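Have a look at the structure below before the remarks.
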Protein chains: 2
Amino acid sequence: MATMRDVAKAAGVSIATVSAVINKTTKVSAELTQRVNDAIKEVGYRPNGVARSLKMGATPTIACILPGITNPVFAEMAQTIESEANKKGYAVFVCNALEDNALQDKYLQFASSMRPVGGIIIPAAGSEIDVEAIQREIGVPFVVLDRAAPDTKADSIVVDNYDAAFNAVNYLISLGHKRIGAIASFPYSFTSRDRIRGYRSAMEQSGLDTTGLVRENCSTVERAQSAVFELMSSQNPPTALFATFDHAGLGIVKALNRLDLRMPDEVSVITFDGGAWAEAINPNVTSVRQPATQMGSEAVRLLLERIDATEPMSHRRLMLPTEFIVRGSCAPLFS
Amino acid sequence: MATMRDVAKAAGVSIATVSAVINKTTKVSAELTQRVNDAIKEVGYRPNGVARSLKMGATPTIACILPGITNPVFAEMAQTIESEANKKGYAVFVCNALEDNALQDKYLQFASSMRPVGGIIIPAAGSEIDVEAIQREIGVPFVVLDRAAPDTKADSIVVDNYDAAFNAVNYLISLGHKRIGAIASFPYSFTSRDRIRGYRSAMEQSGLDTTGLVRENCSTVERAQSAVFELMSSQNPPTALFATFDHAGLGIVKALNRLDLRMPDEVSVITFDGGAWAEAINPNVTSVRQPATQMGSEAVRLLLERIDATEPMSHRRLMLPTEFIVRGSCAPLFS
DNA sequence: TAAGTGTATTGAAACGTTTAGATTGAATTT
DNA sequence: AAATTCAATCTAAACGTTTCAATACACTTA
């Protein structure tokens, strides 16, 4: 593959002049510029970003490590991070850790070895999240997005999951529901944990029992679905269901369909997220909407601010508001 | 940041020995191995992949350039590519070109400059797809996925879009429908083009008129939705709708909901793809399912085969079968 | 004991850039 | 005409690895 050396030879100039023409760093006469540009075409030169990065000590890239892109919230975040970073002249390296901590570590190492300017990470929920370990691995500024412990020792962006869940469940309670089931994903993820905490607080505060009503580890639509089958076939089935994330909501809807239970008449439903499907089905599903786009763009903003900062700055935590969208999937309980 | 030189100094050995310990390329005595490993910890050494890539002439990475990840089919492909490549020891660099050709070119250049071993690209549909230009930019073996011209001068993986659409529309015709609307996205994408061609063939073959019934450029749910509003409020509205991709199907469903038109009684619907929502709504939507996972893994396979090939091999084209899943969204037309 | 064999370790030259500082030579000043 | 200035160009030294070829050293073997 052609190098600057080849271009220089073909143009009859020095390697430094070629570099100057390509990067427009110093003035080069019109004639040499012409000759260099011709030579570039002639030899089919394509810059070697690897060499450039080595010399410069960094790659103009942001590493983005996330646990999956089938969750529409993560997909939206990734998409936003991508386009925001681009506006600022950075490429984005998306690594999909598939909720697997080992894979996440591998990616962390690999990403870090490519010397990006910074990272944005939505931690995998396979085990306890260790921000210090991440810091050690990645070695550059980074932002923890969405799944961040309250005392995260890094910039972080979250929503108030506890509060959002608390309010959503209270809404169901205010409609008269007493048996409310909850479908959640990984107990190690801070988001899931907080949402379940919010659910429990709301229930306990109203003196309602939750035994047997919480199903964790329902990380796929199928698992959520079978959890609903179990829940609804118990001797005292819930009259309302609360999904702590998108796939759980989808699982609930599909399960109720299969069980021929009508929503909201027979079962009321609230879901976190609620991607496209929540607005497609009839009735639309009442949801807790997360500001995924805003979270993504704020992540980029915080990261770049820190990278550009001349003096040390303390860790910042942004807690963005969720939106509770009442649609048609909840009905008052007469009993 | 600590380098091998620092490690070598701390361990009292040469740089070559450090490299040997790290890469296990040659035998190093137990004692030195120990000293080197201690030194690595001591100085906090993290390998510089950039330097390594420069020396090795390539980065153990596959560049994956696609037009978006909100389309569930693309998301699934990306996810599969990621995990398959990983199994083979490659990282994946996902670049989201957002259906923008200029951005795609930028990514192509950037990706290529990072010297990946190969690329997998789902071309943006913003304008005519030029595989030769892609080849020139990227300079390494690559596979064109999904949106590939019949005579693509590269390995390519597609489904028979024409045939799938033809059959789907014929199914509607066989149910007695005569006014069938089609909602499509970018006219420049080969997939959309072929699906519309299939639709037109089926219609023409049965002597049915298509004037005013085809809506292209409905690339978002919203646009698809308003196309349906227009279509259904025309003086002679269709009795069936055919969506050539996921978002169009979603737009149709939402629009019909809003218009209070019942599916399938008042309007029959078939959609390509049909992500989660198609199985969530009642009735489930009859769909043309693409083998996205298989397409992703085959893409990786073809790419790696070509990379590992010792002698030149001609371009291969895989055409994978689609699946026509009859669900409840189509009804016979009595009139 | 001298020569030969084999293994563990090292020195140094790349890989393809960027860039500080040196060099050149023409234009301007004295 | 010599000295000065200035812009355009070039030389060469990094950046942090990998790896070939060279070295050193301890064993065998004749």
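This structure is a prediction, so every number in the text was calculated from the model and none was measured. A, B, ... follow the sequence lines: proteins, then strands. Residue 1 opens every chain.
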Quiz item: For residues 22-42 of chain B, which residues have at least one heavy atom under 4.0 Å from DNA chain D?
Solution: B/N23
Quiz item: Do B/L108 and B/I121 pass the side chain to side chain contact (heavy atoms under 4.5 Å, CB included) test, and can you show the C-alpha distance, the side-chain angles, and the key distance before you say yes or no?
Solution: CA-CA 9 Å; B/L108 230 28; B/I121 178 164; 4.0 Å; yes
Quiz item: Thinking salt bridges, do B/R35 and B/E31 make one under a 4.0 Å N-O criterion?
Solution: yes
Quiz prompt | Cationic N near anionic O, under 4.0 Å, B/R301 to B/E305 | solution = yes
Practice problem: Answer yes or no: does a side-chain N or O of B/S19 lie under 4.0 Å from OP1 or OP2 of D/dT18? | Solution: yes
Quiz prompt | Residue among A/V158, A/L318, A/I120 satisfying side-chain contact (heavy atoms from CB on, under 4.5 Å) with A/L145 | solution = A/I120
Practice problem: Can you sort out which residues in residues 7-18 of chain A have a heavy atom within less than 4.0 Å of DNA chain C? Ascending by number, please. | Solution: A/I15, A/A16
Quiz item: Any donor and acceptor pair, going by atom type alone, linking the side chain of B/E84 with main-chain N or O of B/V300 inside 3.5 Å?
Solution: no
Quiz item: Hey, is B/K106 close enough to A/E82 for a salt bridge, meaning N to O under 4.0 Å?
Solution: no
Quiz item: Hey, which of these two, B/R115 or B/A20, hits DNA chain C nearer its 5' end, going by closest nucleotide?
Solution: B/A20
Quiz item: Can you list the residues that meet the side-chain contact (heavy atoms from CB on, under 4.5 Å) rule with B/P291, with sequence neighbours excluded?
Solution: B/V159, B/Q294, B/M295, B/L320
Self-check item: Reference residue A/E99; test side-chain contact (heavy atoms from CB on, under 4.5 Å); the match among A/P67, A/S189, A/S185, A/S219
Solution: A/P67
Quiz item: Any chance CZ of B/R316 has more than 12 other-residue heavy atoms, nucleotides or ligands included, within less than 6.0 Å?
Solution: yes
Exercise. Look at the side chain of A/R5 and the backbone N and O of A/I15, then say whether any donor-acceptor pair between them is shorter than 3.5 Å.
Key: no
Quiz item: On DNA chain C, which is the earliest and which the latest nucleotide, 5' to 3', with an atom closer than 4.0 Å to a heavy atom of chain A?
Solution: C/dG16 to C/dT19
Sequence neighbours left out, cut at 3.5 Å: what donor-acceptor pairs do the side chains of residues 50-57 of chain B make with other protein atoms?
{"unit_1": "B/S53", "atom_1": "OG", "unit_2": "B/G49", "atom_2": "O", "d": "2.9"}
{"unit_1": "B/S53", "atom_1": "OG", "unit_2": "B/T59", "atom_2": "OG1", "d": "3.2"}

Exercise. Spell out, as yes or no, whether a donor-acceptor pair under 3.5 Å connects the side chain of B/D6 to the backbone of B/T3.
Key: yes
Quiz item: Between D/dC10 atom C1' and A/M4 atom CE, what is the distance in whole Å?
Solution: 14 Å
Quiz item: Do you know the tightest heavy-atom contact between A/P141 and A/I307?
Solution: CG-CG1, 4.1 Å
Practice problem: Mind grabbing the angle between the end helix axes of the helix from C/dT1-D/dA30 to C/dT30-D/dA1? Five pairs an end, 10° rounding. | Solution: 60°
Practice problem: Whole angstrom is fine here: how far is it from CZ in A/R5 over to P in D/dT11? | Solution: 11 Å
